[in-house]
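Single-structure report; data block below.
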There are 2 protein chains.
Amino acid sequence: MTRSEENYLKIIFHLGGSDSIPITTNAIAEQMETKPSSVTDMAKKLAEKGLVNYKRYQGVSLTDQGTKTALSIIRKHRLWEVFLVKKLDFSWDEVHEVAEQLEHIKSEKLIDKIDELLEFPKFDPHGDPIPSKDGKFMVRDKQLLSEMPIGGKGVCVGVKDSSAPFLKFLDKNKIALGHTIQILEKEDFDQSLHIAMEGRELRISHQIASNLYVKKNE
Amino acid sequence: MTRSEENYLKIIFHLGGSDSIPITTNAIAEQMETKPSSVTDMAKKLAEKGLVNYKRYQGVSLTDQGTKTALSIIRKHRLWEVFLVKKLDFSWDEVHEVAEQLEHIKSEKLIDKIDELLEFPKFDPHGDPIPSKDGKFMVRDKQLLSEMPIGGKGVCVGVKDSSAPFLKFLDKNKIALGHTIQILEKEDFDQSLHIAMEGRELRISHQIASNLYVKKNE
DNA sequence: ACCTATTTTTAGATTTGTCTAAATTTAAAT
DNA sequence: ATTTAAATTTAGACAAATCTAAAAATAGGT
């Protein structure tokens with residue numbers, strides 16, 4: 001597996017899709033920051049290797065083998081992110097770029113030992129689930145904060161947008177995973193929220209609320 | 001810097017050499033497990049970038065910039081080796097291959113944090129010195145065990161051959177860095193040694209003795 | 001100083017992953 | 001059922017790093 005092949009599989013996985021709803025060449029090209037023609041070439045190559053299903057003009061979907069490979073890369077990426085945060089004091093907005101490199105290191109023993117060192121974490125610093133060796137992962141019953149009703153209360157468990165600017169914004173406003181949030185009021189005009197969190201009250205825009213996941217409970 | 005460029009610089013550094021005694025194309029090709037013609041191409045490219053001095057048919061030598069870069073890669077390689085042994089319980093014969101990959105990860109913060117986590121080690125698991133950020137490293141006053149006189153005593157501080165088979169042999173025979181060794185007798189016929197070490201006596205061949213470094217003392 | 005063996009370089013080809021531009025297929029609209 | 005717009009593929013080219021085979025330069029021996 002080349003690094004490029006691994007990146008394609010990872011992105012195809014993240015784009016979701018299935019045998020019935022395959023991923024379009026264009027969508028992949030956009031995520032890979034490359035051209036659709038390059039994607040076509042790679043689709044053929046991955047199909048040859050049995051990692052994706054591909055028919056001309058019909059998009060691609062991962063085979064079982066491709067899904068397994070994608071999950072193993074995602075597992076590595078997320079474990080390295082936890083490592084960087086827990087063991088090396090990186091902040092959650094700094095880890096993605098480095099993990100993009102570390103995820104391609106080829107050594108099963110290495111990643112298993114990292115997993116062990118971290119005591120088998122189930123979620124990465126952004127709240128995304130970490131697949132186990134055999135490709136299983138926890139699906140958390142979560143919803144966007146923006147979709148919670150007034151008066152609703154929930155624990156912040158993840159972010160939808162994990163870009164550095166958003167994460168830095170959250171840090172600056174002391175919003176972190178694990179905090180309990182209650183919606184006090186919704187502004188009809190712009191859908192901004194008035195929330196209570198860790199004993200203080202603040203106002204956040206709809207854009208922020210629609211990128212924060214809270215655990216569905218009660 | 002591409003991965004290939006980094007590997008060339010590292011190997012040129014390890015081959016020693018200087019402005020007056022440049023490294024031959026052939027020597028590099030052999031270490032890189034590639035062909036001399038490929039080395040010529042790379043020599044031109046590295047010369048363009050100011051990392052090596054190169055004149056047709058005259059071999060190459062590292063510039064200051066090239067030396068600096070080579071040392072930073074070696075620093076990363078050796079720090080990762082220490083990490084694998086100290087934090088993930090790898091044995092010293094397993095670390096090289098993985099460190100070959102990890103040394104190319106591009107993140108100054110990452111390697112500095114690893115250095116800190118390991119409490120700034122000065123030597124790697126094979127006894128080789130770890131360059132500091134500014135490219136300085138300790139030169140230990142060591143000699144090959146095979147060159148020590150009869151009756152001589154010294155602490156084992158490094159290996160010359162760090163291949164897995166040799167390291168596994170040492171493990172099997174409970175020879176490790178830090179052990180004190182005294183030469184009891186040398187066999188004239190085959191130069192094998194009779195040594196005392198950690199309260200037991202054993203015989204080792206010349207080939208073994210000429211790949212073990214002991215600290216020069218008394 | 002010359003010849004010869006070795007080393008090194010050049011020239012041209014190959015592979016991987018990408019690109020542009022043109023051609024083709026699909027899907028949507030009338 | 002056509003037409004048209006959008007998406008996708010093909011064809012041909014390029015850069016990086018490598019290779020083989022042939023040519024050129026060097027170094028050693030006489």
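Order of the sequence lines fixes the chain letters, A, B, ..., with proteins taken first and strands second; residue numbering starts at 1 for each chain.
Taking atom CG on B:Asp41 and atom C1' on D:dA16, their separation rounds to 10 Å, with Å as the unit. For the pair B:Gln58 CD and C:dT7 C1', the interatomic distance rounds to 11 Å; values are reported in whole Å. One atom, CD1 of B:Ile28, and another, C1' of C:dT8, lie 12 Å apart when rounded to the nearest Å. Distance CD (B:Glu5) to C1' (D:dT18): 14 Å, rounded to an integer number of Å. Between A:Lys55 atom NZ and C:dT26 atom C1' there is a gap of 16 Å when expressed in whole angstrom units. At whole-Å resolution of the value, CG in B:Asn7 and P in D:dT18 are 9 Å apart. Taking atom CE of residue B:Met42 and atom C1' of nucleotide C:dT9, one finds them 16 Å apart after rounding to whole Å.
In this structure, the nucleotide among D:dT9, D:dT18, D:dT26 sitting nearest to the side chain of B:Tyr57 is D:dT26.
In this structure, B:Tyr54 reaches the C:dT9 phosphate: one of its side-chain N or O atoms is under 4.0 Å from OP1 or OP2. Side-chain nitrogen and oxygen atoms of B:Thr2 include none within less than 4.0 Å of the OP1 or OP2 phosphate oxygen of D:dA16. Using a 4.0 Å cut-off, some side-chain N or O of A:Thr25 falls inside it from OP1 or OP2 of D:dT9. Contact annotation: B:Arg3 does not reach the phosphate of D:dA16 (side-chain N/O to OP1 or OP2, under 4.0 Å). Remark: B:Asn26 is not in phosphate contact with C:dT6, judged by side-chain N or O atoms under 4.0 Å from OP1 or OP2. Here A:Arg56 does not reach the OP1 or OP2 of C:dT26: none of its side-chain N or O atoms lies under 4.0 Å away. Taking 4.0 angstrom as the limit, B:Ser38 places a side-chain polar atom (N or O) nearer than this to OP1 or OP2 of D:dC19. Regarding contacts with the backbone of C:dT10, every side-chain N or O of B:Ser37 stays at 4.0 angstrom or more from both OP1 and OP2. Residue A:Lys44 has a polar side-chain atom (N or O) positioned under 4.0 Å from OP1 or OP2 of D:dT10. Not one side-chain nitrogen or oxygen of A:Ser4 sits closer than 4.0 Å to the OP1 or OP2 atom of C:dT16.
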Contacts under 3.5 angstrom, residues 125-133 of chain A side chains, donor-acceptor by atom type, not counting sequence neighbours:
unit_1   : atom_1 : unit_2   : atom_2 : d
A:His126 : ND1    : A:Glu81  : OE1    : 3.2
A:His126 : NE2    : A:Trp92  : O      : 3.0
A:Ser132 : OG     : A:Asp134 : OD1    : 2.4
A:Ser132 : OG     : A:Lys136 : N      : 3.3
A:Ser132 : OG     : A:Lys136 : O      : 3.2
A:Lys133 : NZ     : A:Glu108 : OE2    : 3.1
A:Lys133 : NZ     : A:Asp112 : OD2    : 2.8

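Here A:Leu167 contributes atom CG and A:Asp161 contributes atom CG; the two are 7.0 Å apart, rounded to the nearest 0.5 Å. Atoms CG and NZ, from A:Leu9 and A:Lys49 in turn, are 9.5 Å apart once rounded to the nearest 0.5 Å.
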Before you tell me yes or no, could you show the steps for A:Gln191 and A:His206 under side-chain hydrogen bond (donor to acceptor under 3.5 Å, both in side chains), namely the whole-Å CA-CA distance, both residues' side-chain angles and the distance that decides it to 0.1 Å?
CA-CA 5 Å; A:Gln191 280 146 296; A:His206 178 72; 4.6 Å; no
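The pair B:Arg203-B:Glu187 fails the salt-bridge criterion, with no side-chain N (NZ, NE, NH1 or NH2) lying under 4.0 Å from an Asp/Glu carboxylate O.
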